[in-house]
Amino acid sequence: MEHYYSQNPTSSHELIKISYNLNNKSLVFITDTSVFSRHHVDFGSHILISTLPPLEGNILDLGCGYGAIGISIAYLNRNSNVAMSDINERAVKLAHGNIVLNNIPNAVAFQSNGFQDIKDTTYSTIVSNPPIRAGKKVIYPMFEQSIDYLIPGGCLYIVIQKKQGASSAVEKLKSIYGNCKVINKEKGYWILKSIKV
């Protein structure tokens, strides 16, 4: 069975167009089968986007899907440079198309399995709605490696549901960064923040 974290989905295409209202701006996204939350921007991503402070510098949306989080960040923070990566080849193609569709000049999308194909680049901010269904064996290495891709003082922001292991994710991030704060809670979703000190 294919998942949204499959590397090269082979399911039949079924393109649809959805919209997402952001600060009185309607962003438009083309989505497809075998990508996460294809019928609407999921609530977790929405809460993450809404919780983030103003950002600048180089930003990474890790596990970007069709681009809702990264494109929203790039739209809201025009002086930033947003890189969007995903293991899913189909998702990356959609994200690239959605960058063009929304006329977002400060974002790029590329394929990478976690940090595997991200070389010699550091970021001021990394954000992620991680692929929880892939399990801790996939997402915890992403947490562990993230600190190596942040500049000193850089921040990692994660959205995770309480029922899907938010408390254990807090403890895991504390073991890596020495800190982790829950900066927002809404309808069972937690937004976590760790700082590279």
Side-chain angles (χ1 to χ4, degrees), residues 4-5 16-31 35-86 91 94-95 98-99 101-109 123-133 139 142-143 146 149-150 153-170 172-173 177 179-196:
Y4 57 84
Y5 48 86
I16 60 173
K17 182 184 287 188
I18 65 172
S19 61
Y20 176 58
N21 292 319
L22 181 70
N23 288 12
N24 298 315
K25 162 74 173 179
S26 184
L27 297 174
V28 178
F29 301 111
I30 304 298
T31 77
V35 298
F36 176 67
S37 194
R38 64 182 295 252
H39 293 288
H40 57 87
V41 175
D42 68 289
F43 189 73
S45 293
H46 170 69
I47 294 302
L48 178 58
I49 293 163
S50 302
T51 302
L52 291 170
L55 300 172
E56 58 184 18
N58 293 326
I59 299 165
L60 175 64
D61 175 9
L62 184 65
C64 66
Y66 54 78
I69 295 173
I71 288 171
S72 296
I73 291 171
Y75 172 75
L76 293 171
N77 302 275
R78 293 303 180 112
N79 292 325
S80 66
N81 296 299
V82 180
M84 300 155 48
S85 71
D86 202 289
L94 290 167
N98 288 328
I99 289 169
L101 183 62
N102 290 282
N103 191 27
I104 305 293
N106 56 322
V108 296
Y123 300 93
S124 57
T125 306
I126 298 174
V127 302
S128 186
N129 184 350
I132 299 299
R133 293 180 193 171
I139 64 170
M142 293 167 62
F143 292 175
S146 65
Y149 290 85
L150 283 168
C155 297
L156 172 70
Y157 294 92
I158 299 290
V159 59
I160 185 169
Q161 287 193 69
K162 179 181 179 181
K163 67 181 181 182
Q164 292 183 326
S167 295
S168 59
V170 168
K172 179 63 176 179
L173 289 169
Y177 283 85
N179 64 84
C180 180
K181 288 186 177 180
V182 182
I183 61 170
N184 195 9
K185 292 182 181 180
E186 193 164 342
K187 296 182 179 178
Y189 287 86
W190 293 16
I191 306 299
L192 313 182
K193 176 184 178 182
S194 289
I195 305 172
K196 181 175 179 176

Exercise. Are the side chain of Asp42 and the backbone of Ser45 linked by a donor-acceptor contact shorter than 3.5 Å?
Worked result: yes
Exercise. Just wondering, do Ile158 and Pro130 contact through their side chains at under 4.5 Å, heavy atoms?
Worked result: yes
Exercise. Distance from Lys163 atom NZ to Ser167 atom OG, nearest 0.5 Å?
Worked result: 14.5 Å
For this session: Calculate, to the nearest 0.5 Å, the distance between atoms CG and OH belonging to Asn103 and Tyr75 respectively.
Result: 11.0 Å
Exercise. Can Val170 and Trp190 be said to form a side-chain contact (heavy atoms from CB on, under 4.5 Å), step by step?
Worked result: CA-CA 10 Å; Val170 168; Trp190 293 16; 4.3 Å; yes
Exercise. Which heavy atom in Ser80 sits nearest to a heavy atom in Ala74, and how many Å separate them?
Worked result: OG-CA, 4.4 Å
Exercise. Closest approach of Ser146 and Leu156, non-hydrogen atoms and distance?
Worked result: OG-CD2, 3.6 Å
For this session: State, yes or no, whether a side-chain contact exists between Ile160 and Ile132 at a heavy-atom distance under 4.5 Å.
Result: yes
Seminar exercise, completed: Nearest heavy-atom approach of Ile195 to Cys155 is CG1-SG, 3.8 Å
Exercise. Hey, what do you get for CD1 (Ile16) to NE2 (His40), rounding to the nearest 0.5 Å?
Worked result: 9.5 Å
Seminar exercise, completed: Which of Tyr177, Phe143, Tyr157 passes side-chain contact (heavy atoms from CB on, under 4.5 Å) with Ser194? It is Tyr177
Exercise. Which distance, rounded to the nearest 0.5 Å, do you find between the CG of Asn179 and the NZ of Lys196?
Worked result: 12.5 Å
Exercise. Between Ile104 and Arg78, which heavy-atom pair has the shortest distance, and what is it?
Worked result: CD1-NH2, 4.4 Å
For this session: Under the salt bridge (Lys or Arg N to Asp or Glu O under 4.0 Å) rule, collect the residues that match up with Lys172, sequence neighbours excluded.
Result: Glu144
Problem set entry | Stepwise ring-ring contact (aromatic ring centres under 6.0 Å, His included) check, Phe29 with Tyr66 | CA-CA 7 Å; Phe29 301 111; Tyr66 54 78; 5.7 Å; yes
Problem set entry | Gap between atom CG of Leu192 and atom NZ of Lys185 - 0.5 Å precision | 10.0 Å
Exercise. For the side-chain contact (heavy atoms from CB on, under 4.5 Å) test, which of Val28, Leu94, Leu27, Ile71 pairs with Leu101?
Worked result: Val28
Distance-only donor-acceptor pairs under 3.5 Å for side chains of residues 49-65, two or more places apart:
residue	atom	partner	partner atom	Å
Ser50	OG	His46	O	2.8
Thr51	OG1	Ile47	O	2.7
Thr51	OG1	Asn184	ND2	2.9
Asp61	OD2	Gly70	N	2.9

For this session: Run the numbers on Ile191 and Lys193 for side-chain contact (heavy atoms from CB on, under 4.5 Å), then give the verdict.
Result: CA-CA 7 Å; Ile191 306 299; Lys193 176 184 178 182; over 6 Å; no
Problem set entry | Spacing of OG belonging to Ser72 relative to OH belonging to Tyr20, to within rounding of 0.5 Å | 5.0 Å
